[in-house]
There are 4 protein chains.
Amino acid sequence: MTIKNQKEKDILEAAVKVFSRNGYHSSKMQEIADQASVGKGTLYEYFKGKSHLFEEMMVYCMDKYIDELKNGINKSKNIEDILMDIARFHGKFLKDHLDMVQTFMNNTTNISDDIRCKAFAHRELLINTITSYIEEAKESGSIRKDIDEKVCAMTLFGTLNQFYTNKIYIEKEEFQDIDPYPIVDIILNGIK
Amino acid sequence: MTIKNQKEKDILEAAVKVFSRNGYHSSKMQEIADQASVGKGTLYEYFKGKSHLFEEMMVYCMDKYIDELKNGINKSKNIEDILMDIARFHGKFLKDHLDMVQTFMNNTTNISDDIRCKAFAHRELLINTITSYIEEAKESGSIRKDIDEKVCAMTLFGTLNQFYTNKIYIEKEEFQDIDPYPIVDIILNGIK
Amino acid sequence: MTIKNQKEKDILEAAVKVFSRNGYHSSKMQEIADQASVGKGTLYEYFKGKSHLFEEMMVYCMDKYIDELKNGINKSKNIEDILMDIARFHGKFLKDHLDMVQTFMNNTTNISDDIRCKAFAHRELLINTITSYIEEAKESGSIRKDIDEKVCAMTLFGTLNQFYTNKIYIEKEEFQDIDPYPIVDIILNGIK
Amino acid sequence: MTIKNQKEKDILEAAVKVFSRNGYHSSKMQEIADQASVGKGTLYEYFKGKSHLFEEMMVYCMDKYIDELKNGINKSKNIEDILMDIARFHGKFLKDHLDMVQTFMNNTTNISDDIRCKAFAHRELLINTITSYIEEAKESGSIRKDIDEKVCAMTLFGTLNQFYTNKIYIEKEEFQDIDPYPIVDIILNGIK
DNA sequence: CATGAATGAGGCTTCATTCAT
DNA sequence: TATGAATGAAGCCTCATTCAT
């Protein structure tokens with residue numbers, strides 16, 4: 001997907017906001033149109049329908065996440081710094097784009113099989129990006145050889161989501177105040 | 001919630017199946033009624049409405065999960081065995097009640113604020129149950145004193161979900177074939 | 001209609017209360033059953049269905065009204081006393097059976113054509129009863145010979161309803177405090 | 001309420017027809033849409049829901065009645081002419097807008113308390129308009145000083161409704177053939 | 001006789017999508 | 001290209017009625 005023009009981007013940003021606020025089914029095309037300051041019909045000039053808009057929004061979010069992740073991580077660092085970077089990046093990304101990420105993370109079930117599949121594929125892509133960092137660290141020798149890098153990425157990713165979701169929704173903490181070190185510590189050193 | 005009679009249980013089991021298949025919004029009361037082999041009106045004899053049925057189903061799932069978890073874990077074992085037990089239990093529970101757990105794990109966004117809150121509260125309860133196991137292990141000295149047991153529980157829980165979700169939806173593996181040891185290994189020993 | 005037994009009467013009295021409170025469509029069979037302290041199914045032992053129960057209730061009310069009217073009016077009195085008697089009786093009947101009369105008066109439109117016709121027929125019967133009093137008074141010479149007794153009855157009846165409805169619903173007056181003399185005065189003496 | 005455009009008016013006119021035919025509860029939104037030759041959804045573009053449409057229709061009828069009443073009565077006439085004018089107007093209005101008036105007059109019970117209150121308030125407004133005519137006649141000396149003008153208005157109004165309802169539904173007379181003089185005669189001169 | 005659990009037809013309402021302007 | 005008025009399919013829920021006990 002290439003963003004054709006500013007209006008398409010406006011609609012995507014509006015979609016991110018609205019879908020994030022309400023989830024897929026509770027979001028109305030009218031609300032997205034209002035948020036984007038365009039007419040309802042205009043949405044259909046740029047996107048085939050609601051589910052298409054949702055998918056495009058997911059891709060848009062994904063790209064943004066991965067782009068920013070790539071720019072935010074300094075590969076030369078050691079594994080501990082990399083994990084902390086990823087964790088902090090995840091936190092910062094949540095802080096800046098909370099709505100996007102939450103939408104992306106949570107909208108897996110209450111949508112059609114088709115969209116659900118695409119969502120999983122996107123999530124996979126994201127995990128693969130993290131996996132590649134682990135892989136490099138493994139090759140450089142800073143982590144054990146017998147670690148499956150994908151399992152490791154999933155551990156990190158799943159934990160971060162669980163952790164931040166909890167902090168946000170249950171403990172109502174501010175992002176800047178959340179210290180991801182306990183998680184990184186467990187992943188690095190184990191609990192034993 | 002106490003289950004008054006068999007029909008109420010039938011409806012709950014049907015609700016679990018249908019909500020799990022389609023998520024909250026895509027599930028139709030008619031479909032749940034069909035699945036339970038009762039008339040549509042009968043649902044309303046037992047539950048005030050769709051959202052009420054969903055909530056009751058969540059509680060029903062939670063209770064089942066926690067009950068079975070408590071029965072499935074032998075507390076006298078060492079921490080490694082406990083983690084493997086929890087992991088295997090999670091896997092077995094997914095195998096037996098895949099639909100329930102997935103519904104419970106994923107329906108967080110596309111629902112009303114009210115239901116979402118309850119869902120988070122239930123998830124919290126579940127994590128607390130796992131936390132208590134970690135706590136005991138910590139007290140018995142089998143894990144480091146500086147570990148936050150809740151962070152540890154979240155790490156385990158988030159990872160297991162991520163891991164199994166991936167195995168099921170992406171890699172299409174059978175539950176009995178999934179070995180959770182790599183995850184337990186990371187959590188126990190770290191990746192370094 | 002002859003009232004078979006006490007239970008049938010209980011149901012009719014309950015129907016009067018409930019239909020009066022809520023009108024035809026907002027009254028539920030369950031509520032009538034509760035009010036009569038019988039099971040919902042029992043209603044159908046005595047009445048074919050809701051509309052049948054409504055009709056029977058109307059007849060029951062009508063009979064009660066006419067019976068009480070006949071007993072309450074002393075025919076030997078002069079026309080002024082008769083009109084005041086009818087007015088006061090209407091007032092007292094409203095006081096004692098407000099619910100019945102209001103139901104009877106107002107449920108003309110929001111019901112099926114069939115029931116509506118019966119309601120009109122009942123209303124006609126009621127007006128005819130009043131008409132007969134006017135007729136006697138006309139024959140006894142206490143009112144003008146050129147008065148159409150039915151128009152007179154309708155004037156009285158229509159006015160009383162308008163008057164009492166207004167007092168009850170708009171001015172919230174108590175029945176015993178309502179003096180119908182102004183109406184009787186107008187009908188007797190005119191406004192000129 | 002200001003009528004925004006022709007379509008809103010079409011819907012209101014359709015609502016008048018349908019509600020009049022069937023009453024509130026037996027009228028279906030689909031039937032109103034069909035009568036107005038619009039889609040069912042269009043009703044909801046103009047009115048929040050069924051009860052809102054009903055209320056707006058009542059106001060629409062009221063305004064129409066009062067407007068036409070004000071234009072149809074020549075205030076300079078004596079009281080007899082005024083009463084005959086009001087009676088004939090009521091008859092003509094019934095002839096032209098039978099459905100509206102009947103709906104307005106009869107839908108008092110089978111509706112929610114909220115709507116019922118509004119209906120009473122509207123009826124009150126209508127009676128007040130008639131009252132004002134009586135008041136003027138009283139001030140001009142053409143009727144007795146001891147007449148309560150509101151009681152008089154209610155007498156006229158209640159009687160006309162009773163009278164015309166009877167003629168239409170029981171005697172099936174045509175409007176143009178109904179002579180309201182007998183009523184006016186009673187009100188003017190009394191029955192004595 | 002009496003009951004009330006079970007039923008399903010029917011209606012209000014929502015909202016994604018279309019299309020004339 | 002941009003719009004938003006119009007649409008109608010679809011779903012939740014109510015409640016009169018039935019019937020097994």
Side-chain angles (χ1 to χ4, degrees), chain A residues 4-5 7-8 11 24-34 36-54, chain B residues 4-8 10-11 25-34 36-53, chain C residues 4-5 7-8 11 24-34 36-54, chain D residues 4-5 7-8 10-11 25-34 36-54:
Chain A
K4 289 168 225 151
N5 59 28
K7 188 157 291 192
E8 181 165 352
I11 293 173
Y24 182 76
H25 282 94
S26 300
S27 297
K28 320 300 172 201
M29 292 300 267
Q30 182 64 67
E31 193 180 352
I32 295 170
D34 292 347
S37 302
V38 300
K40 202 176 5 168
T42 306
L43 301 184
Y44 291 85
E45 296 290 325
Y46 291 89
F47 304 94
K48 265 176 290 182
K50 188 182 181 182
S51 69
H52 181 239
L53 175 54
F54 184 74
Chain B
K4 288 166 226 149
N5 60 27
Q6 188 54 39
K7 188 147 293 192
E8 181 165 351
D10 290 346
I11 293 172
H25 282 94
S26 300
S27 296
K28 319 303 172 198
M29 292 301 267
Q30 182 63 67
E31 193 181 351
I32 295 171
D34 291 347
S37 301
V38 298
K40 197 175 14 163
T42 305
L43 301 184
Y44 293 87
E45 294 288 324
Y46 292 88
F47 303 94
K48 264 175 291 182
K50 189 181 182 182
S51 69
H52 182 238
L53 175 55
Chain C
K4 287 169 229 149
N5 60 27
K7 190 156 285 191
E8 181 164 352
I11 293 173
Y24 182 76
H25 281 94
S26 298
S27 296
K28 319 302 175 201
M29 292 302 267
Q30 182 65 67
E31 194 181 351
I32 295 170
D34 291 347
S37 301
V38 298
K40 204 174 9 165
T42 306
L43 301 184
Y44 291 85
E45 295 289 326
Y46 291 89
F47 303 94
K48 265 176 288 182
K50 188 182 183 184
S51 69
H52 181 240
L53 175 55
F54 184 73
Chain D
K4 286 168 226 148
N5 59 28
K7 188 149 292 192
E8 182 165 352
D10 290 347
I11 293 173
H25 282 94
S26 300
S27 296
K28 320 299 173 201
M29 292 302 265
Q30 184 62 68
E31 192 180 353
I32 295 170
D34 291 347
S37 300
V38 299
K40 202 173 12 166
T42 305
L43 301 184
Y44 292 86
E45 293 288 323
Y46 292 89
F47 303 94
K48 264 174 290 182
K50 188 181 182 182
S51 70
H52 181 238
L53 176 54
F54 184 74

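Worth knowing before you read on, the calculation uses all heavy atoms, side chains too, and leaves out hydrogens, waters and symmetry mates. Residue numbers begin at 1 in each chain, while the letters A, B, ... track the order of the sequences. This structure is a prediction, so every number in the text was calculated from the model and none was measured.
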Open item on the list: Under 3.5 Å for both pairing distances: what stems, at least three Watson-Crick or G-U pairs long, include DNA chain F?
Closed with: E:2-21 with F:2-21
Without decimals, in angstroms, what is the distance between [X] [atom1] and [N] [atom2]?
{"X": "A:F47", "N": "F:dA2", "atom1": "CZ", "atom2": "P", "value": "12 Å"}
{"X": "B:L43", "N": "F:dC15", "atom1": "CG", "atom2": "P", "value": "17 Å"}
{"X": "C:E8", "N": "E:dA2", "atom1": "CD", "atom2": "C1'", "value": "15 Å"}
{"X": "A:E31", "N": "F:dG4", "atom1": "CD", "atom2": "C1'", "value": "17 Å"}
{"X": "B:D34", "N": "F:dG11", "atom1": "CG", "atom2": "P", "value": "12 Å"}
{"X": "B:D10", "N": "E:dA5", "atom1": "CG", "atom2": "P", "value": "16 Å"}
{"X": "D:Y46", "N": "E:dT13", "atom1": "OH", "atom2": "C1'", "value": "18 Å"}

Open item on the list: I need the D:K40 NZ to D:D34 CG distance, nearest 0.5 Å.
Closed with: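 Here the rounded value is 9.5 Å.
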TODO: Would you give the length of the straight line joining atom NZ of A:K48 to atom CD of A:E45, rounded to the nearest 0.5 angstrom?
DONE: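 If I round to the nearest 0.5 Å, the distance is 14.5 Å.
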Open item on the list: Across nucleotides 16-21 of chain E, 5' to 3', mark each nucleotide with B, S or - according to how protein heavy atoms within less than 4.0 Å reach it.
Closed with: SBB---
Task: Heavy-atom side-chain proximity of D:I32 to D:L43 below 4.5 angstrom - done: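 Sidechains of D:L43 and D:I32: in contact.
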Task: Student check: side-chain heavy atoms of C:I11 and C:E8 closer than 4.5 Å - done: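 Answer no - side chains too far apart.
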TODO: Identify, between C:S37 and B:T42, the residue whose nearest nucleotide on DNA chain E lies closer to the 5' end.
DONE: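 The residue whose closest nucleotide sits nearer the 5' end is C:S37.
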Open item on the list: Just N and O in the side chain of C:K7: are any of them under 4.0 Å from OP1 or OP2 of E:dA2?
Closed with: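 So the side-chain polar atoms of C:K7 do come within 4.0 Å of the phosphate oxygens OP1 or OP2 of E:dA2, strictly under.
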Open item on the list: Please enumerate all residues that pass side chain to side chain contact (heavy atoms under 4.5 Å, CB included) together with C:K50, with sequence neighbours excluded.
Closed with: C:F19, C:Y24, C:M29
